[in-house]
Amino acid sequence: MNKNNSPYSAAITGCSFLYYEFQRILPLLMAEDSDKKLSDEIENNEILQINSRKARRTFVLEFKRRYASVPAHFWESWKNMSETGQRTGLFYAIMKTYKLVFDFHFNVAMKKWNAIDHELTKSDIMMEFNEIAAHDEFVDSWSDNTKGRCAGAYLTILRQAGLLEEKTNQLQQVKLDAEEFAYYIRTGEEWFLEACLLYPYEVNDIKSQLS
């Protein structure tokens, strides 16, 4: 299986969560002349304030992918959310953009959450990497360094999204008002509430508040 046939990418190593940067660039992503504005930003660095042109180019490319991974009207709602709601929404877009993050989350983090031990470590992620690599030649071809950086980036994403406690590496739920979860329920994306580590009775409670 070559790169073109594999659903996986190591792109999160070059662009992890970057909430503040994404927030600043969103108006450009939503603009009618988005491509021109983004190209200008890569050259002129007026918004991102990142010295490396190569890094700006990488970030803009990944931000475009994240923006396009969900419907445009999601971002209209996102602008009016609390910071916690926005961080949660950015995690949703990241899960939709990168299959690696989706698989790590469903196959490792959520299983940990439903077990007794809620501590999530890099070695837990590396075990899942071995499983993925066993069925995907492209991922199997990645160096140990690349795999390690991907695992580290995923854990950083979880911390920045509020799903992993900084010091203890304990998984924790995202707590939002029912209205900030409403988008996911009303668009058939209820799975994402489970990804926020909510229990079924909590999801039902939120749905009853919205009905």
Side-chain angles (χ1 to χ4, degrees), residues 3-4 6-105 122 125 138-139 141-167 174 176 180 183 192 195-196:
K3 180 179 179 178
N4 293 330
S6 174
Y8 296 102
S9 156
I12 56 169
T13 60
C15 182
S16 59
F17 199 69
L18 299 178
Y19 164 71
Y20 295 110
E21 291 84 353
F22 183 85
Q23 187 183 48
R24 292 201 298 270
I25 216 79
L26 182 60
L28 274 60
L29 290 163
M30 298 180 81
E32 284 191 14
D33 55 347
S34 176
D35 285 344
K36 182 183 184 306
K37 281 187 163 66
L38 291 167
S39 294
D40 288 348
E41 174 57 25
I42 291 169
E43 296 305 322
N44 302 323
N45 194 29
E46 292 177 356
I47 297 171
L48 286 171
Q49 301 297 303
I50 294 163
N51 289 333
S52 164
R53 184 186 180 279
K54 183 180 178 184
R56 292 196 300 274
R57 189 171 176 276
T58 298
F59 291 174
V60 166
L61 175 65
E62 296 309 319
F63 289 162
K64 285 173 72 173
R65 291 180 66 199
R66 293 170 190 189
Y67 179 79
S69 71
V70 295
H73 62 80
F74 171 78
W75 300 111
E76 291 288 352
S77 302
W78 191 89
K79 288 190 298 182
N80 300 314
M81 293 177 184
S82 65
E83 179 172 332
T84 303
Q86 287 184 342
R87 286 178 177 274
T88 303
L90 182 53
F91 179 60
Y92 167 71
I94 287 171
M95 285 192 76
K96 298 279 279 187
T97 307
Y98 309 103
K99 181 168 170 56
L100 199 62
V101 172
F102 189 95
D103 285 3
F104 284 164
H105 201 63
K122 191 172 180 178
I125 308 303
F138 175 57
V139 175
S141 73
W142 295 358
S143 68
D144 288 344
N145 180 51
T146 296
K147 291 175 184 174
R149 286 169 60 215
C150 284
Y154 168 67
L155 294 173
T156 296
I157 287 167
L158 284 193
R159 292 187 189 101
Q160 294 289 311
L163 285 157
L164 193 65
E165 211 283 327
E166 189 75 39
K167 293 186 173 69
V174 166
L176 298 177
E180 292 202 314
Y183 171 85
F192 184 63
C196 290

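In this chain, numbering begins with 1 at the start of the sequence shown.
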Closest heavy-atom pair, Tyr67 versus Ala72, reported as atoms and distance to 0.1 Å, is OH-CB, 4.2 Å
Flag, side chain of Glu21 to backbone of Phe59, donor-acceptor distance under 3.5 Å = no
Can you establish whether the number of heavy atoms outside Arg57 located under 6.0 Å from its atom CZ is more than 12?
-> no
Examine distances only and state if a side-chain atom of Ser34 and a backbone atom of Met30 form a donor-acceptor pair shorter than 3.5 Å.
-> no
Leu28 and Asp40: CA distance, side-chain angles, deciding distance, side-chain contact (heavy atoms from CB on, under 4.5 Å) verdict = CA-CA 10 Å; Leu28 274 60; Asp40 288 348; over 6 Å; no
Reported CG-to-CZ distance for the pair Asp144 and Arg149, which is rounded to 0.5 angstrom = 13.0 Å
Side-chain heavy atoms of Gln160 within contact of Tyr20, under 4.5 Å | no
Consider only side-chain N and O atoms of Gln86 and Tyr19, and report whether a donor and an acceptor are under 3.5 Å apart.
-> yes
Shortest non-hydrogen pair, Arg65 vs Ser9, comes out as NH1-OG, 4.3 Å
With a 4.5 Å limit on heavy-atom distance, are the side chains of Val139 and Trp142 in contact?
-> yes
Residues Thr88 and Glu180: side-chain donor-acceptor under 3.5 angstrom | no
Apply the test side-chain contact (heavy atoms from CB on, under 4.5 Å) to residues Phe63 and Leu26: give CA-CA distance (whole Å), side-chain angles for both, the deciding distance (0.1 Å), then the verdict.
-> CA-CA 8 Å; Phe63 289 162; Leu26 182 60; over 6 Å; no
Look up atom CD in Glu166 and atom CG in Leu155, then write down how far apart they are to the nearest 0.5 Å.
-> 10.5 Å
Of the options Thr97, Thr156, Ile157, which is the one that meets Ile12 in a side chain to side chain contact (heavy atoms under 4.5 Å, CB included)?
-> Ile157
Gly14 and Thr58 have their tightest heavy-atom pair at O-CG2, 3.8 Å
Phe22-Trp75 aromatic ring centre distance below 6.0 Å | yes
Just by modelled atom types, is the Ala93 backbone N or O under 3.5 Å from a matching donor or acceptor in the Arg66 side chain?
-> no
Does the ring centre of Tyr8 sit less than 6.0 Å away from the ring centre of Phe138?
-> no
State the OG-CG distance between Ser82 and Leu176, to the nearest 0.5 angstrom.
-> 6.0 Å
Look only at the side chain of Glu41 and the backbone of Leu48, and say whether a donor-acceptor pair between them is shorter than 3.5 Å.
-> yes
Give a yes or no on whether the backbone of Asn51 and the side-chain of Arg56 come within a donor-acceptor separation of less than 3.5 Å.
-> yes
Taking side-chain contact (heavy atoms from CB on, under 4.5 Å) as the test, write out the residues that go with Ser52, two or more places apart.
-> Lys54, Ala55
Nearest atoms (heavy-atom pairs only) where Pro71 meets Tyr183 | CD-OH, 3.4 Å
Start with the C-alpha distance between Leu90 and Leu18, add both sets of side-chain angles, then the distance that settles side-chain contact (heavy atoms from CB on, under 4.5 Å), and finish with yes or no.
-> CA-CA 9 Å; Leu90 182 53; Leu18 299 178; over 6 Å; no
Can a salt bridge be assigned to the pair Arg87 and Glu83 using a cut-off of 4.0 Å between side-chain N and carboxylate O?
-> yes
Inter-residue atom distance Gln49.CD - Ile47.CD1, 0.5 Å rounding = 9.0 Å
Closest non-hydrogen contact found for Lys122 with Gly148 is CE-O, 3.2 Å
Measure the spacing between CZ of Arg53 and CD1 of Ile42 and express it to the nearest 0.5 Å.
-> 6.5 Å
His105: which of Phe91, Tyr98, Tyr92 passes ring-ring contact (aromatic ring centres under 6.0 Å, His included) = Phe91
Rounding to 0.5 Å, atoms CD1 (Ile94) and CZ (Phe17) come to a distance of 5.0 Å
